[in-house]
Each structure stands twice: as C-alpha cells, then as structure tokens.
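So the structure is just underneath, and the comments pick up after that.
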There are 2 protein chains.
Amino acid sequence: MFSIGQMSRQSGVKVPTIRYYEQIGLLPAPDRSAGNQRRYDQAALQQLRFIRHARQLGFHLDAIAGLIELQSLPDPSCHDARRIARAQLSEVRGRIARLQALETELDRIAEGCHGDCGPGDCVVLASVADHASCVTAHDAPPDLGDSPRGAP
Amino acid sequence: MFSIGQMSRQSGVKVPTIRYYEQIGLLPAPDRSAGNQRRYDQAALQQLRFIRHARQLGFHLDAIAGLIELQSLPDPSCHDARRIARAQLSEVRGRIARLQALETELDRIAEGCHGDCGPGDCVVLASVADHASCVTAHDAPPDLGDSPRGAP
DNA sequence: CCTTGAAGCTATAGCCACTAGAGATCCTAT
DNA sequence: ATAGGATCTCTAGTGGCTATAGCTTCAAGG
C-alpha cells in the first residue's frame with residue numbers, strides 16, 4: 001500500500017493534483033488508514049501513471065476519462081481508443097499549424113526593426129497594431145496564450 | 001464616438017471582453033453617455049485593435065500591457081519592444097517543438113493499432129499507459145491541454 | 001409622445017487544470 | 001514521549017475570458 005506522497009513520487013503527479021483527480025472522479029477514492037489517510041494499491045498507481053502520461057500527451061481530462069472507461073470495459077474496443085487518439089493527433093497538428101503561422105509573423109515583426117526606429121514609428125509596435133501587415137492568416141488561434149496552465 | 005457594440009464589431013473583440021479589459025486596466029475607462037453608457041473615441045478603438053492583434057499573436061495580457069506602456073512613452077524604445085517580441089517568438093518556438101514531440105508520439109500510438117487488437121491488449125491504451133515506449137522526450141510540455149480557452 | 005425591442009449596465013458565478021495557503025491531525029523514528 | 005515531517009480538509013486564487021440575471025437606456029416606428 002502506498003501513501004499519497006509515495007504515489008506522487010512514483011508517478012510524478014503532485015500530491016494536491018492527486019487529490020484533485022479524486023475529487024473530480026478521475027481516480028477512484030482509495031481506502032483509508034485508521035487515521036483517515038489515503039492508502040493506494042498497485043492498480044491505483046497504474047491508473048495514475050496512465051493519467052499522467054495522457055496529460056503529457058495533451059489529452060484533456062474528459063478524454064482521459066473516456067480512455068479509462070474504455071479500459072474498464074470487458075471487451076476494450078481498440079476502435080474507440082484509436083478514434084480518441086486520432087482526434088487528439090489532429091488537434092495537436094492544428095495547434096502546430098497555427099503556432100507556425102504565429103512564428104512567421106513574430107519573426108517578421110521582431111526582425112523588422114533593427115533598433116534604429118525614431119520616436120513614434122517603432123516597427124514592432126506598428127506591426128502589432130496592424131494585422132493588415134501580416135503575411136499569413138494567423139487569425140483566431142484558439143490556443144493563444146496558454147502556457148503555464150498546468151505548469152509549475 | 002462609438003458604443004461598446006460598435007467597438008466590438010470594429011475590432012472583433014466581444015463586448016464582455018472589452019469590459020473585462022477595462023476592468024483589469026488594459027483599456028482606459030472611457031467617457032459615459034448621460035445614461036451611463038460607454039462612449040469610445042478613435043484612439044480607444046486603435047488600442048483595442050492593438051490588443052486584439054497582440055492576443056492573436058499569442059502575447060499574454062501583461063506583455064500587452066508592457067507594449068502599450070511603451071507606446072505611451074515620449075520616446076518609445078524600439079529596443080524594449082523588440083525584446084518583448086523576441087521573447088514571445090522563442091516561447092512560440094518552444095511550444096511548437098514540444099507539440100511536434102507530441103505529434104510524433106500520438107502518431108505512433110494511433111497508428112500502432114490497426115483495429116485488430118484482442119480484448120485486454122489494445123496498443124493505444126497500452127501506449128498511453130507506458131511512457132517508456134515513447135521515442136521522444138515529450139516530457140512536461142507546460143502547455144498541454146489548452147485549446148478552447150479564449151475560443152468561442 | 002409613446003411604445004417596443006435591441007443594446008447597454010452591474011454584479012456574480014463558472015470554465016479548466018491546477019496551485020497555494022491555513023490550521024488541524026496523523027505517523028514514524030528516536 | 002516527543003519532534004517534525006506528512007497528511008488531512010477547506011477555501012481561494014490563477015488566466016482570459018464566458019454566461020447568466022435583472023435591471024436601465026437608447027433609437028426607430030407609429
């Protein structure tokens with residue numbers, strides 16, 4: 001049996017995050033010690049590792065819940081699992097494409113100025129102000145900011 | 001003078017988002033009509049368009065606030081603007097690299113199964129469970145999920 | 001002038017996937 | 001027995017919005 005701290009060390013998932021997963025029903029509530037502390041078995045560790053890796057692969061928690069449900073079926077349908085994985089793949093590809101459009105624009109913007117702009121006509125600021133100067137259709141990337149959502 | 005709805009149509013930023021930007025101080029509070037409705041001038045529209053495009057380029061709101069402050073300086077330093085743009089560029093590049101690692105793994109996982117797995121040994125599920133089978137170091141992308149954050 | 005309906009107002013709560021903190025309790029090693 | 005690390009619950013905060021409720025204001029038509 002593992003304590004929550006051991007689970008955390010063995011899986012790489014932080015302790016509060018494990019409790020959060022339990023709270024939202026992604027991890028089953030484990031047994032408790034006499035003093036009300038969580039005690040996990042090997043299967044729970046497996047599942048937590050599954051979740052962790054799926055998160056690293058960019059799956060949303062609800063997609064992960066779907067995968068877990070598939071696992072628990074008597075005859076786990078590869079078909080469904082593959083469909084979920086492919087949906088994830090195409091989402092990732094879409095994000096890459098949008099980010100590459102951003103990269104093009106940002107490169108153009110950042111390199112357009114060589115530090116010699118006079119006051120009031122900085123090329124960087126002008127470029128950010130004006131979408132018309134963009135060379136790609138980098139419109140509406142649904143995942144614009146985003147970075148440190150799950151990041152420490 | 002523009003109403004908030006006109007501002008929204010002219011900029012592509014939704015009405016509640018405009019109010020939100022005002023609330024957090026990214027847009028200055030405009031004048032009000034006799035009946036307490038917001039009335040914007042051309043400069044405010046310019047600024048909102050600037051914010052909107054910067055968001056499309058992936059800048060965080062605090063970076064945008066920095067850019068706006070630069071604009072308002074008597075002698076806008078291109079140097080600083082360029083530094084901010086370059087930081088954004090390298091962040092975008094990092095995200096692309098991490099997403100490409102994910103793409104590699106997801107492709108491998110999704111294509112590893114041809115729909116013929118027997119019960120209990122679906123390759124997709126096994127691959128998600130086991131990071132050791134991954135061919136890239138796709139660890140800890142800080143921006144894993146993310147998609148529909150600002151998206152409608 | 002009066003009505004109607006769209007557009008505006010404020011305030012609050014919710015989204016995701018966590019993270020941080022307070023204050024209390026438990027477990028283990030000495 | 002005690003020290004101190006680990007754990008417990010609960011609440012609130014993050015970013016960048018979005019949604020709802022219940023009200024008021026504005027502009028056009030009759």
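Note that these values count all heavy atoms, side chains included, but never hydrogens, waters or copies made by symmetry. Chain letters run A, B, ... following the sequence lines, proteins first and then strands; every chain starts at 1.
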Closest to side chain of B:Tyr21, choosing from C:dA17, D:dC17, C:dC27: D:dC17
Between CE on residue A:Met7 and CG on residue A:Asp41, distance to nearest 0.5 Å: 8.0 Å
Least distance between heavy atoms, B:Leu45 atom then B:Ser11 atom: CD1-CB, 4.3 Å
Nucleotide nearest A:Thr17 (side chain, heavy atoms from C-beta), chosen from D:dT18, D:dC26, C:dT19: C:dT19
Whole-Å gap separating P (C:dG8) and CE (B:Met1): 15 Å
Rounded distance (Å) that lies between atom P of D:dG16 and atom CD of B:Gln56: 15 Å
Side-chain N or O of B:Lys14 closer than 4.0 Å to phosphate OP1/OP2 of D:dT18: yes
Under 3.5 Å, N/O pairs linking protein and nucleotides 5-7 of chain D:
residue : atom : partner : partner atom : Å
D:dT7   : OP1  : A:Ser3  : OG           : 2.8
D:dT7   : OP1  : A:Gly5  : N            : 2.8

Rounded distance in Å - CD (B:Glu22) to P (D:dC17): 15 Å
Distance test, side-chain N/O of B:His60 to OP1/OP2 of D:dG16, below 4.0 Å: yes
Validation row: B:Gln100, B:Thr104 side chains within 4.5 angstrom (heavy atoms): no
Contact under 4.0 Å: B:Ser33 side-chain N or O vs D:dC26 OP1/OP2: yes
Distance-minimising heavy-atom pair for B:Ser3 and B:Gln6: N-OE1, 2.9 Å
Between P of D:dG16 and CG of B:Leu27, the distance in whole Å: 15 Å
Side chain B:Gln37, main chain B:Arg32, donor-acceptor under 3.5 Å: no
Between P of C:dA13 and OH of B:Tyr20, the distance in whole Å: 17 Å
Whole angstrom value for the distance that separates P of D:dC26 from CZ of B:Arg32: 12 Å
Salt bridge (charged side-chain N to carboxylate O under 4.0 Å, His left out) partners of B:Arg86, counting only residues at least two apart: A:Glu111
Gap between atoms CE and C1', on A:Met7 and D:dC8 respectively (whole Å): 17 Å
Separation of D:dT14 C1' from B:Leu61 CG (nearest whole Å): 13 Å
Main-chain N/O of A:Gln10 paired with A:Arg49 side-chain donor or acceptor, under 3.5 Å: yes
Whichever of B:Ala34 and B:Asp62 has its nearest DNA chain D nucleotide further upstream toward 5': B:Asp62
